[in-house]
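Report on the following structure.
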Amino acid sequence: MKMQIKNGRLSPYTKNSIISYGLVIGAFVIVSILNSMGMVSSSLQGQLVPICCYIVMAVSLNLVVGISGELSLGHAGFMSAGAYTGIVVSGILETSGLPIYGRLAVAIICGAIVAGVLGFLIGIPVLRLRGDYLAIVTLAFGEIIKNIMNIVYAGKDSHGFHLKTNPDLGLEEGGRMLLNGPMGATQVQRISTFAAGFVLVLITLFVVQNIMNSKQGRAIMACRDNRIAAESIGLNVMKYKLMAFTVSAALAGMGGALFGLNYSTLLPVKFNFNTSVLILVFVVLGGLGNIWGSIIAATILTILPEALRQFADYRMLAYAIVLILVMIFTYSPKIKNFTQGFIDKNFKRKKPTAQTEGGGQV
Amino acid sequence: MSTKLNRDDVIQNTVYDVYENYDESKSTVDEIILPERDKDKDPILDIRGLGIDFGGLTAVDEFTIAIGRTEIAGIIGPNGAGKTTIFNLLTKVYQPTRGTFLFDGVDTSGMTTTQISKMGIARTFQNIRLFDKLTVEENVKAAMHNEVSYGLASGIFHGPKYRKQEKAAHERALELLSIFDMQDMADYQASSLPYGAQRRLEIVRALATNPKVLLLDEPAAGMNPSETAELMNNIRKIRDTFGIAILLIEHDMSLVMNVCEGIAVLNFGRIIAKGTPEEIQNNPAVIEAYLGKKKEAK
């Protein structure tokens, strides 16, 4: 990445990118070290890959909601498209002799392509709408994708790959079901790893942050800030909205493929409206357009439900309370002023004292 | 009802009844409004009988003027006369109900806002429309999307093409900003600028699209007399530096009379007079539109 230094200071994009990369790389190093020392609990270990997936989902949704300024409630749909594509591709390649990492990479790339194409096709009609209407239609498309997955059956045998909308695939002896309609994918070989998740998060950050700092990003943000002015300077608003939507869907497909290959069973119900909203919560909580905010929000809110297990029945209540508190702490002007004043007191006072001390010594 | 009566009144009293003898077949290069130096060239804008209805209301009707290649022209008229509607017609925010206009000799019927912008018409807005959350420099660079031609792949990977074109765009943005002495504000967020600077930034952004015609919608609104005087100089400076035509809407008569070489006066959607500033100032129909009819004069 190119450093942009203006007037002796970093441009805001460069600064935010450094924070994002720093966060992710730092967290990866710390977790890896702790893991090698055996200090990571097994419940957290099981969550490392989902955390990476949700970070990818949150950052990619931020491209649509924060940077392109369109509310999308169907992000889980693209995730499921990526997940099942990844599972099917990985299942087909199981006997091909490809090393596991190669298989994972191919599965993730295929997931990204399928979800990206789907995002492009859905985006053409959907992005003609704006605001609330767009949100409702994306929600509908998310549900449609989920319901299509409910009736898809796929399997493979020595004759090759079979895809049908009823369970009677007529597989011969030794064949294997890959997708089982409402039962989802079963007996998936779990090949996702934390390292792969880490690489995927870095790729997502690279793509989203570089787009933000390019001609395309400027155009996308210009269309968000003022559609009429954007048209008046000759920007094709539809094209740039579609670009943001497609890239976001492709990245979601990547995250989905990683997610799908992390579980031995995966039900289509997993990718319902709740998941879409959960990802939206990551984005809103982290701040619209704020990439590292999305990373932190996705991480904390994925760990939180597990960490709150000790509250047993009150777990979701505690989760909701934490959400409300975080919202208040990040957005209330009073508390913002208080924390700012606290920082000023503790950091700005030190400087003059240091100077007077220095002056006294001379 | 009363509106219609008034309008007929005014139209009966016009001196220059331009559309009475309007003939679609004949070329309508308007001798009155083209400045001397542009007369032998084709006009950059040749507007022919442009009109638009909103439901039953005729907002603009039979709007016919021609604008020379390096002319500064003005449209004046009372509030609600349809001035901004004309800008919206020229930039294809609205498609005209009747008539058309030729831009640089090309018929623009059926074109979109994007195509018009690409051909070379840029505008500013009466109520400022900046990209609020982008910086000043990004606002200008966003308008240079035709020169900055790298594709999405370059945008993602930031290859050599990206670096070369971004550098050129950065330099050109600062150069354009320096017209208004705004190069030091390049890193500020657009919404944080003071009002006058926001208006200037809109002009710079419009210039960044490399226009042949610049449409300014009330550029002096909210400015004090000294700022207006500076704006006048800048408008002339832009015309001289870029060699483009400027069409402006303005209520500030000192600016219009000083800067414009040709003026069209609009009332209730129709041109009631056009000519040089001197001609307009002495035109009874214009005086009537602005001040009302004199009873003693009858």
Side-chain angles (χ1 to χ4, degrees), chain A residues 1-15 17 63 66-69 116 203-240 242-244 246-247 250-251 288-290, chain B residues 87-88 91-93 112-125 127-135 137-158 162-163 165-166 169-170 184 186-187 189-191 202 205-206 208-211 215:
Chain A
M1 201 194 62
K2 189 175 64 117
M3 292 277 208
Q4 289 193 329
I5 296 168
K6 287 177 198 159
N7 305 340
R9 63 192 172 79
L10 295 170
S11 82
Y13 289 126
T14 317
K15 200 175 122 196
S17 315
L63 184 62
I67 295 161
S68 175
I203 292 174
T204 308
L205 285 180
F206 181 80
V207 170
V208 173
Q209 295 189 139
N210 279 9
I211 285 183
M212 277 174 84
N213 195 9
S214 74
K215 168 202 170 186
Q216 284 78 14
R218 279 196 299 270
I220 290 167
M221 288 187 276
C223 297
R224 169 197 68 190
D225 281 358
N226 204 314
R227 194 184 179 110
I228 294 171
E231 278 173 353
S232 88
I233 57 167
L235 291 175
N236 185 342
V237 176
M238 182 70 188
K239 174 182 153 191
Y240 286 107
L242 194 58
M243 190 182 279
T246 308
V247 171
L251 292 173
L288 293 179
N290 182 345
Chain B
F87 272 20
N88 284 337
T91 52
K92 298 286 178 185
V93 175
T112 62
T113 310
T114 317
Q115 286 170 315
I116 281 288
S117 160
K118 208 162 267 177
M119 283 183 72
I121 300 184
R123 72 174 292 186
T124 66
F125 295 89
N127 42 347
I128 301 172
R129 290 180 182 276
L130 289 171
F131 307 130
D132 286 340
K133 286 182 188 148
L134 300 187
T135 65
E137 187 188 329
E138 284 170 334
N139 264 273
V140 181
K141 281 202 280 191
M144 295 195 283
H145 57 97
N146 287 332
E147 295 153 56
V148 186
S149 61
Y150 59 79
L152 181 59
S154 279
I156 291 175
F157 294 107
H158 288 195
Y162 166 91
R163 263 174 262 155
Q165 292 189 354
E166 283 290 310
H170 169 72
D184 296 337
D187 287 342
Q189 199 179 328
S191 58
E202 267 214 319
R205 185 181 66 187
T209 62
N210 276 333
L215 310 177

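Each chain gets a letter, A, B and so on, in the order its sequence line appears, and its residues count up from 1.
In terms of modelled atom types and a separation under 3.5 Å, the side chain of A:Gln216 and the main chain of B:Gly151 share a donor-acceptor contact.
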Side chain to side chain contact (heavy atoms under 4.5 Å, CB included) evaluation trace for A:Phe206 with B:Ile156: CA-CA 8 Å; A:Phe206 181 80; B:Ile156 291 175; 4.3 Å; yes
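Using a 4.5 Å cut-off between heavy atoms, B:Ser149 contacts chain A through its backbone alone, with no side-chain atom that close. Within the 4.5 angstrom heavy-atom criterion, atoms from both the backbone and the side chain of B:Lys133 approach chain A. A:Val237 does not touch chain B: none of its heavy atoms, backbone or side chain, sits under 4.5 Å away. Neither the backbone nor the side chain of B:Ile116 comes within contact range of chain A; no heavy atoms are under 4.5 Å apart. With a threshold of 4.5 angstrom between heavy atoms, B:Thr91 does not approach chain A through any atom at all. For A:Met212, no part lies near chain B; criterion is any non-hydrogen pair under 4.5 Å. Interface residue A:Ala222: backbone and side-chain heavy atoms are both found under 4.5 Å from chain B.
Of the inter-residue distances, the one linking A:Asp225 atom CG with B:Ser191 atom OG reads 8.5 Å to the nearest 0.5 angstrom. Atom OG of A:Ser232 sits about 8.0 Å away from atom CD of B:Glu202, to the nearest 0.5 Å. For the atom pair A:Ile211 CD1 and B:Phe157 CZ, the distance stands at 9.5 Å (nearest 0.5 Å).
In terms of heavy-atom pairs under 4.5 angstrom with chain B, the leader among A:Ser214, A:Cys223, A:Gly217 is A:Ser214. Interface remark: of the candidates B:Ile121, B:Leu152, B:Asn146, B:Leu152 forms the most heavy-atom pairs closer than 4.5 Å to chain A. Highest contact tally toward chain A, considering only B:Arg129, B:Gln165, B:Arg123, B:Lys118, is held by B:Arg129 [criterion: heavy-atom pairs under 4.5 Å].
Atom CG of A:Leu288 has more than 12 neighbouring heavy atoms from other residues, nucleotides or ligands inside a 6.0 Å radius.
Applying salt bridge (charged side-chain N to carboxylate O under 4.0 Å, His left out) to A:Arg218 and the options B:Glu137, B:Glu166, B:Glu138 leaves one that passes, B:Glu166.
Nearest heavy-atom pair, A:Ala229 versus B:Phe131, reported as atom, atom and distance to 0.1 Å: CB-CE2, 3.8 Å. A pairwise comparison of heavy atoms in B:His145 and A:Ile233 identifies NE2-O, 2.8 Å as the closest pair. Closest heavy-atom contact between A:Asn210 and B:His158: O-NE2, 3.0 Å. In terms of heavy-atom proximity, B:Thr114 sits nearest to A:Asn236 at CG2-N, 4.3 Å.
Residues A:Lys215 and B:Glu147 are not paired through a salt bridge, judged by the lack of any N-O separation under 4.0 Å between the basic side chain and the carboxylate.
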